[in-house]
Amino acid sequence: MKTWLSCKDSVIRLTLHVQPGAKKTDLAGEHGGALKLRLAAPPVEGKANAMLLAWLAERFEVPKRDVVLLSGDKSRHKIVEIKLGLDEAAVLARLGL
């Protein structure tokens with residue numbers, strides 16, 4: 001079981017370490033108990049957070065309203081909740097891990 005992933009009651013919770021300002025948006029493996037994600041958006045005026053939520057919505061094929069930033073608005077360490085009933089194996093497959 002991944003420490004950065006929780007699947008319970010049709011909700012997925014991800015603990016992320018986000019690196020804004022990267023050349024492209026992509027997963028970068030695990031980092032300190034979190035899933036590391038590089039974002040091709042600057043960390044200004046909420047642009048990185050907006051890109052993060054849009055990228056996750058696209059990856060999990062859900063509407064953007066089903067992806068919620070629970071904590072970490074101004075931090076690299078973020079917790080995101082996705083309303084989608086998948087088990088851990090299915091989540092890892094969608095993430096390409």
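- K2 meets the salt bridge (Lys or Arg N to Asp or Glu O under 4.0 Å) test with E30; sequence neighbours excluded.
- R94 has its side chain out of reach of I12: every pair of non-hydrogen atoms, C-beta onward, lies at least 4.5 Å apart.
- Contacts classified as ring-ring contact (aromatic ring centres under 6.0 Å, His included) and involving residues 12-69 (residues at least two apart or in different chains) are given here: H17-H31.
- Hydrophobic clustering of Ile, Leu, Val, Met, Phe, Trp and Tyr side chains at less than 4.5 Å, counting indirect connections, keeps V11 apart from L69.
- Residues A54 and K64 share a closest heavy-atom pair of CB-CE, 3.9 Å.
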Check the pair L56 / L16 against side chain to side chain contact (heavy atoms under 4.5 Å, CB included), numbers first and verdict last.
CA-CA 11 Å; L56 288 170; L16 303 171; 4.2 Å; yes
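- If you take CZ on R13 and SG on C7, they are separated by 11.5 Å, rounding to the nearest 0.5 Å.
- Following chains of ILVMFWY side-chain contacts shorter than 4.5 Å, one cannot reach L86 starting from V68, and the two form parts of different hydrophobic clusters.
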Which atom pairs, donor and acceptor, lie under 3.5 Å between side-chain atoms of residues 34-46 and protein residues at least two apart or in another chain?
{"unit_1": "K36", "atom_1": "NZ", "unit_2": "Q19", "atom_2": "OE1", "d": "3.4"}

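- Annotation for T15 and I79: closest pair OG1-CG1, 4.2 Å, computed over non-hydrogen atoms.
- L84 and V91 end up in the same hydrophobic cluster when Ile, Leu, Val, Met, Phe, Trp and Tyr side chains are linked at under 4.5 Å.
- Cluster membership check: L14 shares its hydrophobic cluster with L92, using side-chain heavy-atom separations under 4.5 Å among Ile, Leu, Val, Met, Phe, Trp and Tyr.
- Two residues are said to be in side-chain contact when any heavy atoms from C-beta on lie closer than 4.5 Å; V62 and K83 fail this criterion.
- Hydrophobic clustering (side-chain heavy atoms under 4.5 Å, transitive across Ile, Leu, Val, Met, Phe, Trp, Tyr) keeps L70 apart from M51.
- Closest of all the heavy-atom pairs between K78 and D73 is NZ-O, 3.6 Å.
- To the nearest 0.5 Å, atoms CD (E61) and CD1 (I82) are separated by 12.0 Å.
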